[in-house]
2 protein chains.
Amino acid sequence: MTSKQIRNPEATREALLEAAEAVFLEKGFGNTSLSDIARRADITKSLIHHYFNSKEGLWQEIKTRRFMVYADRQLEIIQDAEPSVELLRASLVFYFDFLKRNPQIVRILAWIFLENDNYDCMQKDKELIDIGLQKVKQAQAAGEIRDDVDARFLLFVFIGLCQHWFQDKEHFIADFGTDGLPEKLDDGYLEAIIKIFFEGILPRKR
Amino acid sequence: MTSKQIRNPEATREALLEAAEAVFLEKGFGNTSLSDIARRADITKSLIHHYFNSKEGLWQEIKTRRFMVYADRQLEIIQDAEPSVELLRASLVFYFDFLKRNPQIVRILAWIFLENDNYDCMQKDKELIDIGLQKVKQAQAAGEIRDDVDARFLLFVFIGLCQHWFQDKEHFIADFGTDGLPEKLDDGYLEAIIKIFFEGILPRKR
DNA sequence: CTATTAATTGGTCGGCCGATTAATAAAATA
DNA sequence: TATTTTATTAATCGGCCGACCAATTAATAG
C-alpha cells in the first residue's frame with residue numbers, strides 16, 4: 001500500500017510561494033512565522049530553507065516577482081501613452097485596472113512602507129517614473145495639461161489616487177457604506193477620480 | 001554613596017510609551033521585541049508588563065492614544081468647516097497641516113485599518129466621517145460643489161490626497177528628486193493638490 | 001512611626017522561532 | 001543498471017521571545 005509518491009519540485013516551490021504570499025500580505029512579514037506558511041501549504045517547514053535559504057529570502061522573492069510584473073505592465077502603459085489628455089486618461093484607466101486585477105502589489109507596497117522595509121527594486125521604479133514624467137511634460141508643453149503645477153506632483157497624484165483606493169477600500173466600505181453606489185464599486189470610484197482629476201470639482205460653467 | 005533614587009511612575013510610563021511608539025513605528029509590531037523597547041527607554045523589561053500587561057496592550061494603548069488626538073482635532077476641523085468652497089479649502093489646509101505636524105498618525109491609521117481589531121477607533125472614525133459627509137452634501141446642495149460625483153468619493157479623495165503624501169513622501173523624493181521644487185516640499189505639494197482638486201487639471205479657459 | 005501599597009529590579013520559565021543536520025527516497029544522469 | 005543529484009522528511013539545535021515571579025525599595029496611608 002506504499003503509494004509511490006510523485007515529486008514535482010516546481011509545483012511545491014510554487015505552492016510555497018503562493019501560501020507565503022497569502023500569509024505575508026495578510027499579517028505582515030514580522031507577524032508571520034515559517035510554521036504558518038508551512039501549515040498553509042501543507043509542506044514541511046524545512047523545504048522553505050531548501051528553496052529560499054531563509055525567511056527573508058522568501059519574502060524578497062515574493063516582492064521582486066510581483067514587482068517585476070508590475071513594472072513590466074506599467075512600462076507598457078506608459079510607453080503607449082501619448083501626450084494628449086485623452087490618452088493620458090486611458091493610461092489612468094489601464095493603471096487602475098491593473099491594480100484592480102493585482103491587488104497584491106498594493107498590499108506589498110503598503111507593508112514595505114509600514115515595516116520600513118528598504119526594498120532595493122526601487123531603482124526600476126525610478127526609471128518608469130522618468131518615462132512617465134516626460135509624457136506629462138510633453139502634454140504640458142503642448143498645452144494639453146495645465147503647466148502651473150509641477151509635472152512630478154501631477155504624476156504623483158495620478159498614481160496615488162489609484163493606489164490609495166485599493167489600499168483603503170476596506171476602510172471606505174466600513175466607514176461610508178455602499179448604499180446607492182454601483183455594485184461595481186471600483187468602477188464607481190474610477191469614474192469619480194476621472195471627473196475630479198480631469199475636470200476639477202467646481203461646478204460646470206457651461 | 002547610595003543615591004536615594006526618586007521614583008516617577010507617570011514619567012516612566014510615558015517614557016515607555018514614547019520609546020515603544022518610536023520602535024513600533026520604525027520596524028512594525030511583529031519585528032519589534034520588548035527588549036528593543038526596554039533598551040531604548042533604558043527601563044527594565046518587566047515594567048512594560050507592570051504598566052501595560054502585555055506587548056499587545058502596549059501597542060493598543062499607543063494606537064488609541066494617537067487616534068484620539070487625531071479624532072479630536074479632526075472634529076474641530078470638520079465642525080468649523082462651512083459648506084462653502086472657501087472654507088472647505090481651509091479645512092483641507094488644516095487637515096494637511098495637522099498630518100504634517102503629526103506624521104506618526106498616518107502610520108498608525110494605516111495599522112489600525114490593516115489590523116481591523118480596534119473597534120473603538122473604527123467606530124469613532126465612522127462618526128467623524130458622517131459629520132464631514134453632511135458638510136460636503138450641504139455644499140453640493142448649495143451649488144458650491146459639483147453634485148455629479150458622490151459625496152463619499154469626494155471626501156475619500158480629499159482625505160486620501162493628504163494621507164497618501166505623508167505615507168509615500170519618501171518614495172516621491174527618492175523617485176522624483178526635489179530639484180527646482182520649493183525647499184518646503186510639503187507646502188509645494190499642498191499647493192498642487194489644491195489646484196488640482198479645486199480647479200481641475202485642464203488648462204484655464206480665460 | 002508603622003503598615004500598606006506601589007514601583008522597580010533581576011532572574012527564570014516554557015515555548016516557539018528560524019535554521020541546521022542527517023537520513024531517506026525519488027529523479028536524473030551515465 | 002549503477003551512480004550521482006536532488007527533493008523530502010523528521011528530529012534537533014541554540015537563541016530569543018513574551019511572560020511571570022520573588023525580592024527589594026520607595027512612596028503613601030493610617
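Chain naming here is simple, since letters A, B, ... match the order of the sequence lines and numbering starts at 1 in each. This one's a predicted model, so the numbers in the text were calculated from it and none came from an experiment.
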Nearest-Å distance, [atom1] ([X]) to [atom2] ([N])?
X: Leu34(B); N: dC20(D); atom1: CG; atom2: C1'; result: 13 Å
X: Asn31(B); N: dC17(D); atom1: CG; atom2: P; result: 12 Å
X: Lys45(A); N: dC17(C); atom1: NZ; atom2: C1'; result: 7 Å
X: Ile43(B); N: dA7(C); atom1: CD1; atom2: C1'; result: 11 Å
X: Arg39(A); N: dC16(C); atom1: CZ; atom2: C1'; result: 11 Å
X: Glu10(B); N: dT8(C); atom1: CD; atom2: P; result: 11 Å

* Asked: Just checking Ser33(A): base, sugar-phosphate only, or nothing, at a heavy-atom cut-off of under 4.0 Å?
  ->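 Contact class for Ser33(A): sugar-phosphate only.
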* How would you label the contact of Tyr51(B) with the nucleic acid (heavy atoms, under 4.0 Å): base, sugar-phosphate, or nothing? ->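 Touches sugar-phosphate only.
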* Asked: Is Thr12(A) close to Asn8(A) at the side-chain level, that is, under 4.5 Å between some pair of heavy atoms?
  ->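 Result no, sub-4.5 Å side-chain heavy-atom pair not found.
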What nucleotide among [options] has an atom nearest to a side-chain atom of [X]?
X: Thr44(B); options: dC17(D), dT9(C), dC17(C); value: dT9(C)
X: His50(B); options: dA7(C), dG18(D), dG18(C); value: dA7(C)
X: Leu47(A); options: dT9(D), dA19(C), dC17(D); value: dT9(D)
X: Arg7(B); options: dA6(C), dT8(D), dG18(C); value: dA6(C)

* The single option from Phe29(B), Phe24(B), Trp59(B) passing ring pair (Phe, Tyr, Trp, His ring centres under 6.0 Å) against Trp111(B) ->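 Only match with Trp111(B) under ring pair (Phe, Tyr, Trp, His ring centres under 6.0 Å): Trp59(B).
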* Which sits closer to the 5' end of DNA chain C, Asp42(B) or Glu56(A), going by the nucleotide each is nearest to? ->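 Its nearest nucleotide lies further toward 5', so the answer is Asp42(B).
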* To do: Assign the ring pair Tyr189(B) / Phe153(A) to parallel, tilted or perpendicular, where the plane angle (0 to 90°) is split at 30° and 60°.
  =>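 Aromatic pair Tyr189(B)/Phe153(A) classed perpendicular.
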Is [X] close enough to [N] that one of its side-chain N or O atoms is under 4.0 Å from OP1 or OP2 there?
X: Thr12(B); N: dA7(C); answer: no
X: His49(B); N: dA19(D); answer: yes
X: Ser46(B); N: dC20(D); answer: no

* Side chains of Glu144(A) and Gln138(A), donor plus acceptor under 3.5 Å ->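 There is no such pair (donor and acceptor under 3.5 Å, judged by atom type) between the side chains of Glu144(A) and Gln138(A).
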* Asked: Which comes earlier along DNA chain D counting from the 5' end, the contact point of Thr32(B) or that of Asn8(A), where each point is its nearest nucleotide?
  ->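 Per heavy-atom nearest nucleotide, the more 5' residue is Asn8(A).
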* Are the aromatic ring centres of Tyr70(B) and Phe67(B) under 6.0 angstrom apart? ->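 Close enough - the centres of the two rings lie under 6.0 Å apart.
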